[in-house]
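Just so it is clear, the model here is predicted, and its values are computed rather than measured. Chain letters run A, B, ... following the sequence lines, proteins first, then strands; residues in each count from 1.
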Amino acid sequence: MGRLLLQRLGGLLTTLFLSSIVIFGSLYLAPGSPENVIFGSRTPTAAARAAVRHRLHLDQPLPVRYWDWLTGVLHGDLGTSMVTGQPVADRVGAGLGTTLLLVLMSMIMVLVFGLTMGLLAALLPGRVDGVVNALTSVTVTVPSFVASALLISVFAVQLGWFPASGVGQGLGGRIQGLVLPAVALAVLSCGFLARVTRNAVRDQLEREHVQTALVRGLPRRTVLRSHVLRNALPPIITAVGLLTAGTFASTLVVESAFAVPGMGQLTIQSVAQKDFPVVQAVALMLVAAFVVCNAASDLIQAVVDPRLREAGSTS
Amino acid sequence: MNSVKSTWKRLNKALGRSGMLSLAFLVVVLLAAVLAPLVAPADPNQSSLLDAYAGPSGAHLLGADGIGRDLLSRLIFGARTSLLGPALIVGVSLLIGIPLALLASWYGGWVDGVVARVFDLVYALPGLLLAVLTVALFGPGLTPAVVALSIAYIPFLARIVRAAARQQRVSPYVDALAVQGFGMLRITVRHILRNIAPVVVGQAAIAFGYALLDLASLSYLGLAVQAPTPDWGVMVSDSDAMLKGYWLQVLAPGVLIVLTVLALTVLGARISGEKPPGYLRRRPAKAVAAEKNRTTVGAAA
Amino acid sequence: MTAPLLELAGLTVDIATEDGGSRTLLDGVDLTLAPGEALGLVGESGSGKSMTVRAITRLLPRTATAAGAVRFEGEDVLTMGAGRLRGYRDSGVGLVFQDPRAHINPTRKIGAFLIEALVGNRKVPKREALARAAKVLAEVGIDDPQRRLRQYPHEVSGGMLQRVMIASVLLAEPRLILADEPTTALDVTIQREVVGILDRLRRERGMGMVFITHDLDLALAVCGRVAVMYAGRIVELRSADTLHERAAHPYTLGLLGSRPSIDARVERLTAIPGRPVSAFESGPGCAFAPRCSFATAACETTPPTLTEFDGGLVRCLRVEEIHAARTEVKA
Amino acid sequence: MNAVDAQANAVEVRGLNKFFKAHHAVVDVDFDVPAGGSLGIVGESGSGKTTIARMLVGLERPTSGTIAVTGRDRSRPARGARERGRRARELQIVFQDPYTSLDPSQSARAAIEEVLRHHGRDLSLTQELVDQVGLTERQASARPRDLSGGQRQRVAIARALAASPKVLVLDEAVSALDVSIQAQVLNLLADIRAETGIAYLLISHDLAVVRQLCDTVLVLRRGRVVEQGQCERVLDAPAEDYTRALREAVPVPGWSVNA
Amino acid sequence: MRDRLFRAALAGTSVALLATACSSGGAANTPDAKSNFSTAQVTTAPGTKSLTNLTWSGDYRAPYAEDPVKTADYPEETILGNVCEPLIRVAADYSLQPGIAKSWKQPDSEHVVVELDPRATFADGKPVTTDDVVYSVMRNLDPNVASNYADSYNDLGSVKATGPHEVTFSLTKPDYIFDRQLGILGSAIVEKAFAVKAGANFGNANVGVMCTGPYTIASFDGTNQMVLKKNPNYWDPSHAGKAETVTFKFLADPSALANALSSGAMQGAFDLNSSVIPQLGKSSAGKLYIGAPGSTTQNIDLIVSNFSGGLGDARTRQALSMALDRNGIAKTIAGGAADPLYAVAGPGFWQSSPAATTYKAAYDQLAAQGVDIAGATKLVQAAHATGKLVTIGYPAGNPQSSQLAAVIQQTGQQIGLDIKIVGLPDQQYGNLFTDPKARAAYDGFITINYMEFPEAATMYASYATKSGVQNFNGYDNPQVQAALDAAQGTDDPQARAQDVLKAQAILDKDLPWIPIIAPRALLFQSKDVTGAPLTFSYMDNSWITAVGAP
């Protein structure tokens with residue numbers, strides 16, 4: 001278990017390191033220069049451009065800048081926004097809470113509805129299964145932006161129950177503002193999780209060891225709890241990990257649709273502005289979220305299934 | 001005649017009712033895309049300000065958009081860009097992913113390790129993020145988006161191909177062929193690939209659906225296909241129409257996206273003949289598979 | 001004669017197929033088992049021997065329907081209420097499967113598996129249950145039972161796991177053990193030990209046993225009586241010590257001739273042509289007729305019944321003639 | 001009978017060793033299979049018998065030792081298609097599991113023809129092989145999923161014979177079959193050997209099967225040779241305790257479970 | 001549901017130009033004539049009561065910096081004038097009013113003398129000195145600052161303190177429009193000591209600025225909101241703010257903004273997208289104001305980027321211009337919140353001028369020409385341009401621009417031109433304005449242009465003179481050059497109008513830019529606030545002081 005933990009941690013850091021090189025390198029090799037944003041439509045004098053490039057350290061060679069950035073990060077300094085001159089950590093920090101709250105709300109919905117639907121479908125074959133199956137078949141194909149459009153038109157514009165965009169003040173206001181975006185994020189994932197849950201539970205129900213438990217006279221409830229559900233957990237956990245990670249990525253779309261001031265919007269904005277230190281930080285945080293979600297799901301699985309505890313059991 | 005009938009019967013049996021419906025729908029969409037200039041009632045870019053937001057009528061079967069372009073025609077032409085992008089993405093990722101996956105599964109060992117590691121790394125980058133970053137590099141457009149998503153989809157498909165090929169690879173029939181002196185290339189292409197073809201085709205169909213979603217999301221964000229090119233994702237982003245209450249403008253392309261992806265996933269699952277959606281099988285339950293004892297053949301009916 | 005522990009009367013199992021039809025897997029199986037008796041059930045694939053075990057525990061696939069009766073101590077298992085069924089499964093019957101690895105939850109420790117039923121069904125305190133489990137593990141020949149209790153199934157060998165499975169059945173102290181090919185996946189030396197333990201403990205505790213195997217010689221060694229099944233029916237039922245000499249059904253004879261002997265090489269094995277079939281594949285007459293060298297036209301159309309012959313039960317129309325012919329040849 | 005030089009050994013194995021990481025799977029194994037002869041390798045799981053078979057056919061590489069088939073060394077991996085083809089024509093294998101040892105998308109006929117074509121043999125031999133293993137026309141054209149286990153194993157045998165090898169390795173080739181089918185296949189194998197003079201190397205855990213099909217036997221335990229000799233001698237009068245234990249564990253009439 | 005996420009940050013090109021002036025001596029310290037707007041047209045009812053907080057739209061993105069001269073776009077220009085006042089104040093009707101500059105005069109065409117208000121102090125209480133003014137102006141010419149208003153001072157010879165409260169600007173060319181440059185953010189006065197100390201970090205969100213305005217920046221998170229706080233010690237009590245704090249929020253999405261406004265989460269916004277008119281028009285939370293024709297200097301044009309391609313022949317350009325259904329475009333694409341535009345410097349540039357009647361007479365003639373498809377087709381044929389490929393770029397992120405591009409394409413088809421339209425992402429679109437190579441691929445591109453102050457001469461000079469910063473196509477016509485030079489050197493508005501119209505007449509034939517429509521000012525105010533201007537004067541100005549509770 002300890003070895004597995006170390007191995008996953010090592011993999012996480014390696015992935016982050018390699019990703020940072022890829023992201024850093026590719027951003028700065030891109031055509032067009034970040035200082036153009038600052039000059040707007042006017043053509044600056046060569047002297048002014050040189051001065052700005054110097055101020056933004058754009059006149060240094062790429063490896064030097066990467067090294068500076070890396071040492072900065074290791075000292076807890078994510079750099080300075082090229083556009084606003086703020087510490088990147090401040091800019092990222094402002095949206096991070098909102099995005100985390102959004103992802104959390106969405107995943108709670110996904111867990112509640114996805115698991116419930118999946119369990120119902122698995123345990124009640126026939127009509128309930130059919131209905132859930134039909135429902136999830138459709139929801140797994142509804143992209144978050146289509147869901148956003150629908151939700152806004154019905155719940156914000158027609159019914160006026162929730163704000164169509166932006167979030168309010170305080171935790172209450174934030175939660176209220178994030179309900180629709182969270183639902184938009186959850187639609188696809190719910191169906192996804194329901195299907196995975198259904199199939200995982202079905203798979204376990206057909207397993208021989210479940211027959212053993214039944215044939216030993218154990219109550220159905222006990223068998224479900226300690227054999228079927230417990231053993232169905234690994235694929236469900238994998239799915240939750242993947243979905244959480246995917247939800248982070250989808251915030252790019254949904255935060256734009258609902259004007260949620262979070263990391264997703266910051267990413268899109270910073271990309272548009274070529275505010276590279278911010279893009280780099282946000283992209284890496286998204287990658288980290290992805291990797292952490294996957295690593296966490298691996299570890300939780302290892303807790304559930306002792307066979308996965310030996311390090312390197314997955315490739 | 002007879003063979004047509006039997007092929008039809010076999011298809012029907014293999015795909016089931018939902019699969020056949022999906023196939024029929026996809027054929028219609030594909031035909032519409034290919035024959036767009038013939039079937040579309042109007043030029044999708046022909047605007048007439050007089051018809052702005054005209055309701056459904058004889059002239060415009062589904063009405064017209066904000067600058068009087070025929071909605072139906074835009075939907076039909078939109079199928080072209082909406083399908084072309086995902087087709088390219090799936091094509092490219094199969095072209096690169098299949099050989100890599102086959103190599104990895106054939107040689108195993110460190111080759112497999114390196115390939116799996118690279119897949120993991122790419123897999124760690126969310127496709128959407130990769131695409132957004134690529135757009136930051138090259139500017140918005142179908143090409144950068146397709147390139148980025150192709151890269152993101154390589155591990156998506158290659159992992160499945162690798163797992164399926166691995167299963168074949170350890171099958172004694174592959175050993176038997178090797179003992180017969182057949183080379184790796186011939187065995188992988190003529191036997192392994194042929195046997196995993198349903199899985200590959202099915203998963204490719206599912207990946208096609210998800211690539212369509214991702215690409216539409218990017219177009220919606222204004223990062224892939226650009227207005228005024230008719231494209232379903234772009235059409236959903238018509239906030240103008242939404243604000244003014246012309247829902248059909250936004251919902252029609254949205255529904256088309258959903259239906260197409262639905263058909264693709266249903267068909268894909270049917271073709272690959274698997275119960276849980278394959279895209280979730282990030283790591284096939286290896287431990288479980290390995291544990292499964294070799295049951296004595298014919299132990300029970 | 002005491003009341004039978006287990007009685008199957010006309011047990012028939014059909015399973016619904018995807019296209020809406022149904023397939024017969026068991027066709028009118030009659031059997032009785034006295035308390036403390038060991039009965040062998042022998043057959044090839046499709047013979048229905050595993051389905052018989054499942055029917056006895058009412059562990060049938062969801063789409064299967066059972067007709068006839070399975071009476072345990074006089075009570076019909078097929079019509080028991082849920083509570084009674086649980087009680088029957090808890091203390092009436094114990095099942096040892098062929099593949100312990102698949103039949104023991106791989107995510108829980110061996111100890112948890114062993115005491116689960118005791119703690120869950122009989123409210124035995126956990127500590128006491130564990131002590132009992134350790135004791136039974138020792139009885140089935142497992143060293144250091146305390147350590148084994150803390151191990152996971154994947155950490156022990158297949159032979160060891162089969163002993164754990166047997167221990168789990170013994171812990172429940174059932175009156176009937178159903179052993180479904182319990183040693184098929186094991187090496188012969190391990191098989192011998194496991195079968196030995198099973199046999200010894202069964203005798204000591206006076207439990208009845210239905211022992212299912214494809215290995216006729218093994219069944220004969222373990223059981224008092226042996227039923228040979230073919231295509232969902234019992235074709236011959238005979239006491240173990242007389243089967244080798246008195247086997248009367250052509251299929252039983254074929255089985256005996258098919259097995260190569262360890263003691264001598266025969267010029268040619270007397271193989272049965274064709275392949276074993278399932279009940280639903282068989283024609284209106286004798287299911288074995290297509291493979292039988294003695295079959296006549298009548299065999300193809302008239303279903304034989306299980307009738308008394310030479311101290312056993314045989315399902316063959318021509319049993320008398322065949323017997324006569326064989327004795328002639330022998331003589 | 002066939003004109004095989006009775007003096008030459010079809011297979012000669014000397015000092016064979018195989019390590020899997022720290023696990024010593026095969027330890028200093030020597031044996032010969034005479035041309036046209038039949039050797040049985042017996043052992044329980046983990047005895048290394050299958051590893052030996054895989055090294056013989058080139059699916060594993062020996063850690064040390066030599067393997068020669070019809071006098072030609074094959075302890076190193078084959079280089080090039082020609083060498084691979086030649087080795088294939090020397091020695092073939094039939095695997096245990098009939099359900100996975102055939103390409104599910106290939107009919108028996110197609111599988112046999114593919115091999116014949118590969119070795120440059122006449123395609124008309126297909127029918128001969130189909131008849132030889134006792135497959136009907138319909139069975140020969142069917143996909144594996146429409147065949148029973150025994151029929152599949154016949155296909156696998158035909159496919160192996162299509163290369164016209166001098167030696168056939170039978171890796172538990174009958175142990176997964178129903179008793180009545182096992183007898184058919186054993187008879188078939190005996191017939192083939194009688195007709196073609198091919199040498200067999202039978203890997204099995206089943207002493208009775210070995211006795212039925214083999215002239216000589218080699219008992220393997222944890223990678224080491226325990227005992228080796230004529231079948232009658234080894235089985236009827238084992239010199240080693242392990243061999244005796246193995247033999248006594250087999251249920252026979254009058255066998256008692258509590259030894 | 002989104003659109004201006006990638007709104008061309010550069011679509012609105014702010015232009016501030018030098019002009020020459022002739023020597024008609026001592027100018028007034030107050031605007032020489034009243035505006036032609038009625039009061040009702042230029043502003044909403046002034047707020048009377050104070051507010052604790054005002055939440056306003058800071059436009060589509062957060063400012064890039066707090067430094068008033070670093071970037072010039074809607075967000076910066078909407079907000080920063082309230083913090084950093086320019087020397088001269090601009091009223092809602094665009095008239096120049098005393099501010100830090102108590103008065104100013106032009107003794108000759110090449111000198112402007114400014115008298116500072118001795119009361120003026122910075123937010124930290126320190127008085128505004130001539131030194132601060134000189135420093136602030138000279139910052140525009142410092143490459144390290146990289147001022148966006150550097151062009152405004154291209155022809156500044158020197159700026160010197162000529163008295164305790166007097167600063168004299170010496171120009172290298174005659175210019176009577178120079179005072180206008182003192183009313184925009186380029187001349188925002190910053191405290192020298194503070195700026196020098198802050199160095200390159202001046203204006204960064206965590207360092208801030210030190211200016212004289214009625215508000216100071218209380219907080220700015222760089223992304224979502226900027227909070228301004230009333231300056232309690234503001235030096236000019238008559239111009240003090242009514243709201244204690246002002247929160248600017250930045251919503252890229254017009255519908256998001258509309259929803260925020262109609263739900264009361266935000267109290268006001270300028271620069272609304274016309275797509276929200278139906279929703280906000282019905283809103284009960286407040287009122288949507290549509291400014292008068294010519295209420296802004298914004299103009300939407302097709303810029304011809306080279307004279308060698310499909311639009312090379314003036315007749316082709318005339319034909320395209322003749323065929324454009326400007327009325328239809330204004331009504332449909334701009335939702336009625338725009339007017340057809342027949343000259344690039346339309347009413348927005350002269351409505352407030354004393355010479356408005358002169359300008360209008362000429363403009364009405366242009367307007368009267370009407371749409372003439374047949375005539376246009378003939379012109380295209382005459383130019384042998386039928387079937388020629390014309391490539392036009394537009395900012396892809398902006399739906400109105402794409403719709404407009406589609407209409408232009410359609411119009412081209414009607415008159416025999418094969419127009420290809422290319423939606424360009426921000427960066428590429430922005431490059432069109434700065435990189436001649438990027439422009440070379442296109443025959444023209446669509447722009448939404450604006451100037452911070454209404455002056456037709458300056459607008460025309462920006463694209464039709466050799467040195468014009470927006471002369472993207474190398475247009476060079478001596479007659480136009482001469483007329484515009486003359487206009488810039490003329491103090492009398494009427495005489496200047498004559499010169500401008502001379503140039504305009506030629507430009508209407510040559511059409512280096514083809515005018516299309518002029519958006520009007522759009523303003524939404526919730527019921528509980530009032531006082532915001534209905535003209536473009538909010539740009540660069542301390543407009544919040546007028547906003548309060550009704």
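- The closest donor-acceptor contact from the side chain of D:Arg154 to the backbone of D:Val185 lies at 3.5 Å or more, if one exists at all.
- Proximity to chain D is limited to the side chain of B:Leu177, based on heavy atoms less than 4.5 angstrom apart.
- When all heavy atoms of B:Val199 and B:Ser272 are compared, the pair lying nearest together is CA-CB, 3.7 Å.
- With chain B as the partner, the residue from D:Ile93, D:Val94, D:Val115 showing the most heavy-atom pairs under 4.5 Å is D:Val115.
- Panel note: side chain D:Thr136, backbone D:Gln139; a donor-acceptor pair is recorded below 3.5 Å.
- No donor-acceptor distance shorter than 3.5 angstrom exists from the side chain of D:Glu172 to the backbone of D:Leu202, with no hydrogens or angles considered.
- B:Tyr153 and B:Phe156 have tilted rings, their planes meeting at an angle from 30° to 60° on a 0 to 90° scale.
- A donor-acceptor contact shorter than 3.5 Å is absent between the side chain of D:Arg109 and the backbone of D:Ser141.
- Nearest heavy-atom pair across D:Leu168 and D:Ala160 is CD1-CB, 3.6 Å.
- Within residues 48-62 of chain D, the residues approaching chain B closer than 4.5 Å by heavy atoms are, in numerical order, D:Arg54, D:Val57, D:Leu59.
- In this structure, D:Ala88 and D:Pro165 approach most closely via the heavy-atom pair O-CB, 4.3 Å.
- Shortest non-hydrogen contact noted between D:Phe95 and B:Pro172 is CE1-O, 3.5 Å.
- Inspection of non-hydrogen atoms places D:Arg84 of residues 70-84 of chain D under 4.5 Å from chain B.
- In plain terms, the two heavy atoms of D:Leu147 and D:Ala142 that are nearest each other are CD2-CB, 4.1 Å.
- The two atoms that bring D:Val174 and D:Gln182 nearest to each other are O-NE2, 3.1 Å, heavy atoms only.
- A tilted orientation is assigned to the rings of B:His191 and B:Tyr173, their planes being inclined by 30° to 60°.
- Both the backbone and the side chain of B:Ala176 come within contact range of chain D, with heavy atoms under 4.5 Å apart.
- Counting only residues at least two apart or in different chains, salt bridge (Lys or Arg N to Asp or Glu O under 4.0 Å) contacts with residues 187-201 of chain B are absent.
- In the model, B:Asn195 has a side-chain atom that pairs as donor or acceptor with a side-chain atom of D:Ser105 under 3.5 Å.
- Listed by sequence position, D:His118, D:His119 are the residues of residues 117-128 of chain D in contact with chain B, using a 4.5 angstrom heavy-atom cutoff.
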